[in-house]
Each structure stands twice: as C-alpha cells, then as structure tokens.
Amino acid sequence: MGKFFVQNFGCRATQADGAALESLLAAKGLSASDERAAADLVVLNTCTVTSSADDDVRQTIRRVHRENPAARILVTGCYAQRAPEELALLPGVEWVVGNSHKTQIADLVTIGSATPGAPYHGNIHVGDIFAQHDFLSAPVEDAAGDRTRPNLKIQDGCNNRCSFCIIPFVRGRSRSAPAEQVVAQVRNLAERYREIVLSGINLGRWGREPGSKMRLAGLIRLLLAESGVERLRLSSVEPMDFSDDLLQLMAGSPRIARHVHAPLQSGSDRVLRRMHRKYRPRHYADRVTKARALMPDAAIGADVMVGFPGETDAEFEENRSFIESLPFTYLHVFTYSERPGTPAADHANAVPMPVRKERNRILRELAAAKNREFRERMVGLTLPAVTLEAGTALTENYLKVELATPREPNRLVNLRIGGLAPGGLYEQPSLTSIP
C-alpha cells in the first residue's frame with residue numbers, strides 16, 4: 001500500500017482528527033495522494049450529526065468504490081462509532097474503525113497490508129468510547145482551501161446530554177489537550193500564520209477535568225504570554241462558559257478576535273427544557289448582552305434548531321421573537337434531524353417536515369436581515385482583518401471583505417470599508433498593514 005487519501009466530513013474537530021491521521025499514516029511510510037481516484041487507501045473520516053450527513057457518507061463510499069475499485073476503503077469517525085455494522089456491509093469497505101480506535105489506524109492498515117490473505121471485508125474495530133483517554137489532534141492548515149487560518153483542536157468529547165445530540169455517544173467524555181502541548185503547537189503555528197482558530201467539541205470545557213486548575217481564559221492568557229501569536233479566534237463556546245473573565249479578556253486584548261459564537265438552539269424556555277440544555281433564555285440573553293456591551297462591534301453568532309419534537313407554533317414564535325431581540329450578526333439555522341439512540345428521537349410528537357422547513361426559512365431571513373444591518377454599520381469604519389486567498393480578507397469581527405487591490409494571503413491589515421458586497425463588504429482603495 002503506497003498512497004493514501006483522507007476525506008473529512010463535518011466539523012472542525014473531524015478536520016483536526018483527519019490532519020492527525022495524515023501525519024500518522026505518513027510516519028508509517030505512506031504518501032498522500034492528491035486525488036482520491038489514485039489512492040491505494042481511502043480513509044473516510046465521517047460525521048453523524050444528521051441523517052443527511054449519514055447519507056453523504058454512504059453515497060461517497062459507493063462513489064469511491066465505483067471510481068477506484070482497487071482502493072481499500074477505511075471508514076472512521078462518528079458514523080463509524082455509532083453504526084459500524086451498517087457501514088461494514090457496504091461494498092468496498094475493508095475496515096470500520098470507531099473513534100475509540102482511531103489512534104490505531106496507521107498500525108491497522110500497515111499490518112493488514114503486510115498480511116497475505118487478510119480479509120477484504122468487514123474488519124470492525126469499535127470499543128467503549130467512554131473509556132477513551134487519548135487525544136488525537138493536529139493543526140488543520142488547509143481547511144476548505146483556507147491556508148491562512150489554521151484550526152487547532154484543543155478539546156474533545158462532551159459531558160452534556162442534550163436530548164437531540166448523538167455526539168457524546170460517539171466522541172466520549174470531555175477531555176483536554178495538555179496546556180504545554182497547546183502552547184508548543186501555537187508557538188509553531190505562529191511562526192507561519194497570523195491568525196489561529198482554537199476549536200473543540202465543547203471548547204468552553206477545556207481544563208475542567210478533575211485536578212485541573214486552569215480554565216480556558218487562563219490557557220488563552222498563557223498562549224498570549226508564551227507565544228508570538230498575533231491573533232487567536234475562538235470557535236464555538238457554550239453560552240454559560242462565556243464567563244465575565246473570558247469576555248473581559250477578549251474585549252481587552254487586541255490579539256483576540258472579537259467574535260462570540262454561543263450555541264442557542266432555542267429561545268423558548270419549554271423547548272430548552274425538553275432539549276435538556278443547561279440554561280434558560282434569560283441566562284443566554286445576559287451573556288450576549290454582556291458581550292455586546294464590552295465589544296460593540298463584535299460578531300455575535302449562534303446555532304439555532306427548528307422543528308424540535310413538540311415545538312408548537314407558540315414556542316417557535318417565542319424562539320423567533322427572542323432571536324429578534326438580541327444583537328446577533330449571523331445565525332447557523334438547522335432543521336431538527338432524528339438521531340437514533342437519542343431521547344428526542346423517541347418523542348411521539350414530531351413536527352411535520354414542511355413545517356420544519358418553513359420555520360427554517362423564517363429564521364434564515366431574520367438572520368440575513370440582522371447580518372445586513374451589521375454590515376451596514378461597518379461602512380466607513382476601519383477594521384482589522386487577515387488576508388485570505390482570491391483577493392479577500394476576513395475581519396476580526398467575522399466579515400468577508402473584497403480587497404480593492406490583491407494582497408499576499410496571511411497578513412494582518414487594517415481595511416477601510418467602502419460599502420456592501422454580496423454577503424460581505426468591499427474595501428475602499430486604501431490598505432495599511434499592521435507592523
């Protein structure tokens with residue numbers, strides 16, 4: 001077996017796992033293939049957060065087997081952890097390896113390839129994910145073609161038990177990358193990149209293991225003190241983990257992006273209770289209001305779910321009205337998808353799919369209006385940003401800007417905003433680099 005190709009599905013954490021897998025396979029003497037069709041080994045690192053994510057994986061497996069019948073297919077990740085037997089039955093799949101055994105993949109494929117007569121089909125390696133203590137992660141330096149903002153996973157797993165979510169059962173308990181490891185990785189990345197994105201399955205729980213005294217805000221202070229990183233950006237943090245300390249740190253440091261992403265799911269108290277979320281609308285509003293007071297021009301985003309079982313018209317209106325009342329600058333709107341093995345999937349009072357889609361449309365329109373209002377406020381201001389590829393930049397407050405003149409990617413710049421572009425902004429023809 002000479003060449004491998006890793007394809008990742010889903011979230012930043014999956015991308016980080018995939019980057020680590022590439023490093024482990026390369027360490028075994030395998031080389032990365034630029035094309036899936038030319039690879040001897042195809043690793044599909046899966047997501048299972050929705051039924052459509054599962055469909056995407058199954059379609060990809062069939063496509064890989066059709067376009068490259070000689071390839072040995074290994075399916076890993078969250079779908080593999082949840083339903084290994086289902087995947088093992090698909091044509092061409094040689095290995096199914098859950099997150100519980102992901103760190104062993106490089107050994108499995110190299111030992112298997114060296115064993116004459118090794119079985120072609122149905123090798124399943126899945127164990128108790130809650131016994132998992134290994135932390136698999138490597139910086140993702142080219143996610144979605146973006147080679148200027150590496151994503152570094154510093155936390156994995158989740159101890160929450162939201163009634164709609166399968167993730168704790170496929171990712172395991174919350175666990176954190178050691179602080180010294182994070183510092184070393186950020187130091188290394190900071191030599192090549194201006195902005196680094198910190199991510200995790202439940203990022204705000206970093207450092208919450210028994211015996212740990214440092215929390216996320218403390219880690220960020222350590223990174224600022226012991227590395228040359230010019231800008232850190234936090235991905236998604238649960239609302240109640242946006243402590244006053246963390247928000248004040250973000251507001252007070254020019255080296256932290258003013259960008260708050262706090263999953264909401266619903267603005268209805270009753271729906272939140274059925275979801276088993278650990279806050280109520282008033283708690284969420286307090287955190288967002290605090291963030292806006294400290295950072296008037298910050299990006300404030302949320303994940304929102306529509307069509308949760310039993311969601312009435314009145315509860316949806318509570319959700320819509322709550323969202324309208326808060327200073328969001330963007331939303332990620334999701335339609336509820338039943339996940340086998342979760343309490344919500346057994347709820348008898350399912351919302352009809354046409355109703356779910358209509359509620360999704362309503363919130364997307366509300367999100368678009370809020371985003372446009374936010375962008376309009378930025379016109380005429382000078383915003384710090386990092387240059388990307390293809391003549392664009394991303395502002396500190398998470399807005400895409402079309403540059404007046406092309407600039408080399410991976411530079412911090414100050415951009416004078418000239419007006420609105422489709423989905424973003426455009427720059428007035430003046431640009432000054434930050435020393």
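Everything numeric here is computed off the predicted structure, so don't read it as measured data.
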Test item: Arg36 side-chain N/O and Val64 main-chain N/O as donor-acceptor pair under 3.5 Å: no
Does Lys290 reach the side chain of Gln248, with side-chain heavy atoms less than 4.5 Å apart? yes
Between Arg377 and Glu373, does the salt bridge (charged side-chain N to carboxylate O under 4.0 Å, His left out) criterion hold? Intermediate values first, please. CA-CA 6 Å; Arg377 282 208 294 116; Glu373 179 185 347; 5.7 Å; no
Could you tell me the separation between the CD atom of Glu315 and the CZ atom of Arg359, rounded to the nearest 0.5 Å? 8.5 Å
Please tell me if the side chains of Leu232 and Leu198 come closer than 4.5 Å, counting only heavy atoms from C-beta onward. yes
Short side-chain donor-acceptor distance under 3.5 Å, Gln155 and Ser174: yes
Side chains of Ser52 and Thr50: is there a donor and an acceptor less than 3.5 Å apart? yes
Going through the distances and angles, do Thr46 and Val75 end up as a side chain to side chain contact (heavy atoms under 4.5 Å, CB included)? CA-CA 7 Å; Thr46 64; Val75 186; 3.6 Å; yes
Within the 4.5 Å heavy-atom criterion, are Ser236 and Pro263 side-chain neighbours or not? yes
Which distance, rounded to the nearest 0.5 Å, do you find between the CZ of Arg277 and the SG of Cys162? 4.5 Å
Quick check for you: to the nearest 0.5 Å, what is the distance between Gln7 atom CD and Ile61 atom CD1? 10.5 Å
CD1 (Ile323) and CD (Glu318) are apart, to the nearest 0.5 Å, by 12.0 Å
On a heavy-atom basis, which atom in Leu249 and which in Ala217 lie closest, and how many Å separate them? CD2-O, 3.5 Å
If you compare all heavy atoms of Ala404 against all heavy atoms of Pro429, which two are closest, and at what distance to 0.1 Å? CB-CA, 3.6 Å
So do the side chains of Lys278 and Asn160 get within less than 4.5 Å of each other, counting heavy atoms only? yes
Report yes if the side chains of Arg287 and Leu247 come closer than 4.5 Å at any heavy-atom pair, otherwise no. yes
Looking only at atom types and distance, does a side-chain atom of Arg173 sit under 3.5 Å from a main-chain N or O of Phe130, one as donor and one as acceptor? yes
Salt-bridge contact Asp286-Arg282 (side-chain N to carboxylate O under 4.0 Å): no
Measure from NZ or CZ of Arg231 to the centre of the six-membered ring of Tyr193 and say whether it is under 6.0 Å with the direction within 45° of the ring axis. no
Evaluate the criterion salt bridge (charged side-chain N to carboxylate O under 4.0 Å, His left out) for residue pair Arg233 and Glu195; output intermediate values, then yes/no. CA-CA 7 Å; Arg233 187 182 298 269; Glu195 177 174 307; 2.8 Å; yes
In sequence, state the C-alpha distance, the side-chain angles, and the governing distance for Thr387 and Leu412, and then conclude on side chain to side chain contact (heavy atoms under 4.5 Å, CB included). CA-CA 7 Å; Thr387 55; Leu412 289 186; over 6 Å; no
Ionic contact status for Arg292 with Asp297, cut-off 4.0 Å: no
What pairs of donor and acceptor atoms, side-chain ones from residues 340-355 against any protein atom, are under 3.5 angstrom apart with sequence neighbours left out?
unit_1: Thr342; atom_1: OG1; unit_2: Arg339; atom_2: O; d: 2.7
unit_1: His347; atom_1: ND1; unit_2: Asn349; atom_2: N; d: 3.0

Which residue pairs pass the ring-ring contact (aromatic ring centres under 6.0 Å, His included) test when at least one of the two sits in residues 226-260, sequence neighbours left out? His259-Tyr330, His259-Tyr398
Any side-chain donor paired with an acceptor under 3.5 Å for Asn45 and Thr76? no
Non-hydrogen side-chain atoms of Val186 and Leu152 separated by less than 4.5 Å: yes
Quick one: pull up CZ in Phe328 and CG in Asn371 and give me the separation to the nearest 0.5 Å. 13.0 Å
Please check if the side chain of Arg258 supplies one atom and the backbone of Ala251 the other of a donor-acceptor pair under 3.5 Å. yes
Whether Thr392 side chain and Glu389 backbone form a donor-acceptor pair below 3.5 Å: yes
Stepwise salt bridge (charged side-chain N to carboxylate O under 4.0 Å, His left out) test for Glu226 and Arg187: CA-CA 8 Å; Glu226 298 194 8; Arg187 277 178 180 162; 3.5 Å; yes
Taking only Lys NZ, Arg NE, NH1 and NH2, and the carboxylate oxygens of Asp or Glu, determine whether Asp241 and Arg215 approach each other closer than 4.0 Å. no
With no hydrogens and no angle check, do the side chains of Glu209 and Ser176 hold a donor and an acceptor under 3.5 Å apart? yes
Would you mind reporting whether Leu425 and Met378 have side-chain heavy atoms less than 4.5 Å apart? yes
Main chain of Leu223, side chain of Ser227: is a donor-acceptor contact present, judged purely on distance under 3.5 Å? yes
Parallel, tilted or perpendicular, judged at 30° and 60°: which one describes the rings of Tyr284 and Tyr279? tilted
Checking the side chain of Glu427 only, and the main-chain atoms of Arg416 only, is there a donor and an acceptor separated by less than 3.5 Å? no
What pair of heavy atoms forms the shortest contact from Asn319 to Glu311, and how long is it? ND2-OE2, 4.4 Å
Which heavy-atom pair separates Glu324 from Leu366 by the least distance, and what is that distance? N-CD2, 4.0 Å
Looking at Val43, is its backbone amide N or carbonyl O close enough to the side chain of Trp95 to form a donor-acceptor pair, meaning the two atoms are under 3.5 Å apart? no
Locate the shortest heavy-atom distance separating Val333 from Val306; write the atom from each residue and the value. CG1-CG1, 4.4 Å
On a heavy-atom basis, which atom in Ile129 and which in Ser100 lie closest, and how many Å separate them? CD1-N, 3.6 Å
For Arg82 and Ile166, run side chain to side chain contact (heavy atoms under 4.5 Å, CB included): C-alpha distance rounded to whole Å, both residues' side-chain angles, the deciding distance at 0.1 Å, then the answer. CA-CA 8 Å; Arg82 184 184 67 79; Ile166 194 67; 3.9 Å; yes
Could you state the interatomic distance from CG (Leu388) to CZ (Arg407), rounded to the nearest 0.5 Å? 14.0 Å
Without hydrogens or angle criteria, can the side chains of Arg356 and Thr335 be said to hold a donor-acceptor pair below 3.5 Å? no
So, are Arg63 and Asp56 salt-bridged, with charged N and O less than 4.0 Å apart? no
Chi angles and distances behind the salt bridge (charged side-chain N to carboxylate O under 4.0 Å, His left out) call for Arg411, Glu408: CA-CA 7 Å; Arg411 294 177 60 194; Glu408 181 182 353; 5.4 Å; no
Between Asn360 and Lys357, is any side-chain donor less than 3.5 angstrom from a side-chain acceptor? no
Assess the residue pair Cys78 and Asn99 against the criterion (side chain to side chain contact (heavy atoms under 4.5 Å, CB included)); give the C-alpha distance rounded to whole Å, side-chain angles, the decisive distance to 0.1 Å, and a yes or no. CA-CA 6 Å; Cys78 293; Asn99 287 330; 3.5 Å; yes
Could you check whether any side-chain N or O of His283 sits under 3.5 Å from a backbone N or O of Arg280, counting only pairs where one atom can act as donor and the other as acceptor? yes
ring-ring contact (aromatic ring centres under 6.0 Å, His included): pairs with one or both residues in residues 290-315, sequence neighbours excluded: Phe308-Tyr336
Taking the side chain from Thr48 and the backbone from Tyr79, do they hold a donor-acceptor pair closer than 3.5 Å? no
Are the side chain of Asn151 and the backbone of Gln15 linked by a donor-acceptor contact shorter than 3.5 Å? no
Do Asn397 and Thr329 touch side chain to side chain, with heavy atoms closer than 4.5 Å? no
